[in-house]
Amino acid sequence: MARTREFDTEAAVSRAMELFWTRGYEATSVRDLTGHLGIGQGSLYAAFGDKGGLYRAALEHYRTTLAAAALRSLEEGADARSAIRAMLVERVRIAVEDNGRGCLVVNAACERLPEDAATRRTVRDMQDASRDALAEVLRVAAERGEIAKRHDPYTLAAFLVTFLNGLLVSAKITPDVRALEPLVEVALAALD
């Protein structure tokens, strides 16, 4: 008879996400994970297959929680410029926490690509979702006259995602909101 799982997998994934985010994939051993999660190695393998499976689950958890919240904030903003500013600044604030741990997704791209095809797909899907959400906000803003129409909304959204990726890497180097926040205003000048 198969044993029933004796731990909360959702809570384990959330805790693993925090550990991977702080330490990175390579620097996090299975022993670190089992100790941090309070589970045995056999339980980890039974639930997630291997360390890579838990890592992908952690990335997916990040996508459905923090990344999803960032996209929702775009849709709820009063005007495009304010909504985009708030989203970018909030991402910077999160990235500078814990002495500049950055963004889990950008960290994954820097650490795991190009070798890890599964991580590449996950990161690309999140980047595409961010770009598409931004493009829609920008398209509507251009129609309303809130921003200039000189740039294609899709291209402008791709620029903002690329800018944000670089900003999140910079947050690891210089974990200081006061140093990074003014850069957001420079990027927002592309909306003029």
Side-chain angles (χ1 to χ4, degrees), residues 9-10 13-22 24-25 48 52-97 101-144 146-149 151-172 180-181 183-184 186-188 190-191:
T9 55
E10 189 172 325
V13 168
S14 180
R15 289 179 49 91
M17 178 191 79
E18 293 294 331
L19 190 60
F20 283 129
W21 194 353
T22 301
Y25 179 83
F48 305 104
L54 179 53
Y55 186 67
R56 287 185 295 281
L59 286 171
E60 181 61 21
H61 181 71
Y62 183 93
R63 184 187 70 77
T64 60
T65 56
L66 291 166
L71 295 181
R72 274 193 308 277
S73 74
L74 276 177
E75 297 166 1
E76 296 166 358
D79 65 275
R81 186 179 304 270
S82 297
I84 293 168
R85 178 184 293 111
M87 185 269 297
L88 293 172
V89 168
E90 180 61 18
R91 301 311 301 157
V92 168
R93 288 189 178 136
I94 292 169
V96 301
E97 289 176 358
R101 68 180 178 169
C103 165
L104 179 63
V105 176
V106 173
N107 295 351
C110 293
E111 182 181 15
R112 304 292 298 149
L113 304 185
E115 290 84 15
D116 185 342
T119 297
R120 179 189 298 272
R121 280 189 301 277
T122 300
V123 169
R124 186 180 48 233
D125 289 349
M126 283 190 255
Q127 298 281 302
D128 290 350
S130 296
R131 184 202 55 234
D132 293 348
L134 275 166
E136 180 59 18
V137 167
L138 292 165
R139 184 191 65 73
V140 171
E143 286 177 1
R144 291 182 186 159
E146 293 176 18
I147 65 170
K149 291 184 179 182
H151 295 295
D152 169 62
Y154 184 88
T155 303
L156 190 53
F159 161 74
L160 289 169
V161 169
T162 302
F163 164 76
L164 179 58
N165 289 339
L167 193 63
L168 296 172
V169 170
S170 294
K172 292 176 72 72
L180 300 171
E181 198 169 323
L183 303 177
V184 170
V186 174
L188 290 174
L191 304 180

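Listed here is the closest heavy atom pair of A158 and R131: N-CG, 3.8 Å. Contact between F159 and A187 at its shortest, heavy atoms only, is CE2-O, 3.9 Å. Contact between A171 and V96 at its shortest, heavy atoms only, is CB-CG1, 3.9 Å. Heavy atoms only, all atoms of each residue included: A57 and V13 are closest at O-CG1, 3.4 Å. In plain terms, the two heavy atoms of V123 and A109 that are nearest each other are CG1-CB, 4.1 Å. Between M17 and A58, the shortest heavy-atom contact is CA-CB, 3.7 Å.
V184 places a side-chain heavy atom less than 4.5 Å from the side chain of L167. The shortest side-chain heavy-atom distance between M87 and L134 falls under the 4.5 Å cut-off.
Distance SG/C103 to NZ/K172: 9.5 Å, rounded to 0.5 Å. Considering CZ of R93 and CG of L88, their distance stands at 11.5 Å, rounded to 0.5 Å. Here the OG1-CZ distance, from T119 to R124, works out to 11.5 Å after rounding to the nearest 0.5 Å. To the nearest 0.5 Å, atom SG of residue C110 and atom CG of residue L168 are 10.0 Å apart. Atom CG in L59 sits 11.5 Å away from atom CG in D125 (nearest 0.5 Å). We find the CG-OH distance between L138 and Y154 to be 13.0 Å, quoted to the nearest 0.5 Å.
Residue pairs satisfying the side chain to side chain donor-acceptor pair (under 3.5 Å) criterion with at least one member in residues 160-171, sequence neighbours excluded, are listed as follows: Q127-N165.
A distance-only check finds a donor-acceptor pair linking the side chain of T122 to the backbone of A118 [under 3.5 Å]. Side-chain atoms of R81 come within 3.5 Å of backbone N or O of L188 as a donor-acceptor pair. A distance-only check finds no donor-acceptor pair linking the side chain of W21 to the backbone of Y62 [under 3.5 Å]. Formation of a donor-acceptor pair under 3.5 Å by the D79 side chain with backbone atoms of E146 is not found in this model.
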For this session: Go through the steps for E60 and R63 under the test salt bridge (Lys or Arg N to Asp or Glu O under 4.0 Å), then give the verdict.
Result: CA-CA 5 Å; E60 181 61 21; R63 184 187 70 77; 2.4 Å; yes

For this session: Check the pair R56 / R121 against side-chain contact (heavy atoms from CB on, under 4.5 Å), numbers first and verdict last.
Result: CA-CA 10 Å; R56 287 185 295 281; R121 280 189 301 277; over 6 Å; no

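A search for ring pair (Phe, Tyr, Trp, His ring centres under 6.0 Å) contacts involving Y55 returns F20, Y25, not counting sequence neighbours. Here E143 pairs with R139 under the salt bridge (charged side-chain N to carboxylate O under 4.0 Å, His left out) rule; sequence neighbours left out.
No salt bridge links R85 with E181; every basic N to acidic carboxylate O contact stays at or beyond 4.0 Å.
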